[in-house]
Enquirer: 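Quick one: structure below, then a few questions.
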Amino acid sequence: MKRIQIINGPNLNLLGKREPSVYGNLSFEAYLEELKKNFPGVELFYFQSNVEGELVNKLHEVGFEYDGIVINAGAYTHTSIAIADAIRSITTPVVEVHISNVFKRESYRHHSYLSEACKGCIVGFGLDSYRLAIESFL
Ligand code: DQA
């Protein structure tokens, strides 16, 4: 069975409550249950942290063993060389996802430090971005 780790960064623990016009009304925990039903043949693991170094630690922990990592680093996408370097340091392929279409938003969201270290990026499909990212590993 394939093992895939989902990693969510800062403020994504508030999905469902946070800016629902941008990010929707569903909590990630509720969405995760749907995802698990969609992929009965995949072992899905979920980790969320608001702390940059904890995201780096999780990448190191799973990044030599799992079959894929789906990361939404939230605002660290636009600031974190440390997370980009962690992605480059591991062997598991990483797909970057964003719920919103960051290119339709403020210009400071247009640049990602992570993208060039990732296998690919899925942006702007709402929570469905995560499902599409998982599909890419199968
Ligand atoms: C986000 C986009 C980021 O710019 C923002 O800081 C987030 C969420 C998204 O999923 O659309 O926290 O990564």
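Order of listing sets the numbers, starting from 1, for every ligand and every atom in it. Only a predicted model underlies this, so the values are computations on that prediction, with no experimental measurement involved.
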Enquirer: Kindly indicate whether the side chain of L44, heavy atoms from C-beta on, has any atom under 4.5 Å from the side chain of I134.
Expert: yes
Enquirer: What protein heavy atom is closest to atom 1 (C) of ligand 1, reported as residue, atom name and distance in Å?
Expert: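 Result for atom 1 (C) of ligand 1: H98 ND1, 3.6 Å.
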Enquirer: Could you measure the distance from the OH atom of Y31 to the NZ atom of K36? Nearest 0.5 Å is fine.
Expert: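 Answer for the OH-NZ pair, Y31 versus K36, is 13.0 Å.
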Enquirer: Could you go through E61 and K58, starting from their C-alpha distance and side-chain angles, then the distance that decides it, and tell me whether this counts as salt bridge (Lys or Arg N to Asp or Glu O under 4.0 Å)?
Expert: CA-CA 5 Å; E61 186 191 315; K58 186 47 103 175; 3.1 Å; yes
Enquirer: Which heavy atom of the protein is the closest neighbour of atom 11 (O) of ligand 1, given with residue, atom name and distance?
Expert: S100 OG, 2.6 Å
Enquirer: Could you tell me if any non-hydrogen atom of T77 lies under 4.0 Å from any atom of ligand 1?
Expert: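 Checking ligand 1 against T77, which is what was asked, there is no heavy-atom contact under 4.0 Å.
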Enquirer: Under a 4.5 Å cut-off applied to non-hydrogen side-chain atoms, are H98 and N72 in contact?
Expert: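 Answer yes - side chains close enough.
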Enquirer: For the side-chain contact (heavy atoms from CB on, under 4.5 Å) test, which of L127, N8, D128 pairs with I99?
Expert: L127
Enquirer: A quick test of your reading: do over 12 heavy atoms of other residues, nucleotides or ligands sit less than 6.0 Å from CZ of F125?
Expert: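 Not more than 12 within 6.0 Å, no.
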Enquirer: Of the protein's non-hydrogen atoms, which lies at the shortest distance from atom 12 (O) of ligand 1, and what is that distance?
Expert: R18 NH2, 3.0 Å
Enquirer: Hey, is E106 one of the residues with a heavy atom under 4.0 angstrom from ligand 1?
Expert: no
Enquirer: Going by distance only, is there an N or O of L12 that falls short of 3.5 Å from an N or O of ligand 1?
Expert: no
Enquirer: Considering only heavy atoms, does N72 approach ligand 1 within less than 4.0 Å through its side chain, its backbone, both, or neither?
Expert: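 The answer is the side chain of N72.
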Enquirer: Please determine, by modelled atom types, if Y130 and N38 share a side-chain donor-acceptor pair under 3.5 angstrom.
Expert: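 Checked: Y130/N38 side chains show no N/O donor-acceptor pair below 3.5 Å.
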Enquirer: Report the nearest protein non-hydrogen atom to atom 5 (C) of ligand 1: residue, atom name, distance rounded to 0.1 Å.
Expert: R109 NH1, 3.3 Å
Enquirer: Quick one: does V102 get a heavy atom under 4.0 Å from ligand 1?
Expert: yes
Enquirer: So, T77 versus E96: side-chain donor-acceptor pair below 3.5 Å or not?
Expert: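 Not at all, the side chains of T77 and E96 share no donor-acceptor pair under 3.5 Å.
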Enquirer: Given that the side chain starts at C-beta and the backbone is N, CA, C, O, which of these parts of E19 lies under 4.0 Å from ligand 1, counting heavy atoms, or is it both or neither?
Expert: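 Neither part.
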Enquirer: With atoms numbered from 1 as shown, which atoms in ligand 1 lie under 4.0 angstrom from a non-hydrogen atom of Y23?
Expert: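 Per the distance check, 5 (C), 7 (C), 8 (C), 9 (C), 11 (O).
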Enquirer: Under 4.0 Å from any heavy atom of H78, which atoms of ligand 1 are there?
Expert: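 Those of ligand 1 that fall under 4.0 Å from H78 are 3 (C), 4 (O).
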Enquirer: Taking the side chain as C-beta and beyond, is there a heavy-atom pair between L26 and L15 under 4.5 Å?
Expert: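 Counting from C-beta outward, L26 and L15 never come under 4.5 Å.
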Enquirer: Of the protein's non-hydrogen atoms, which lies at the shortest distance from atom 9 (C) of ligand 1, and what is that distance?
Expert: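 Protein heavy atom with the smallest distance to atom 9 (C) of ligand 1: I99 N, 3.3 Å.
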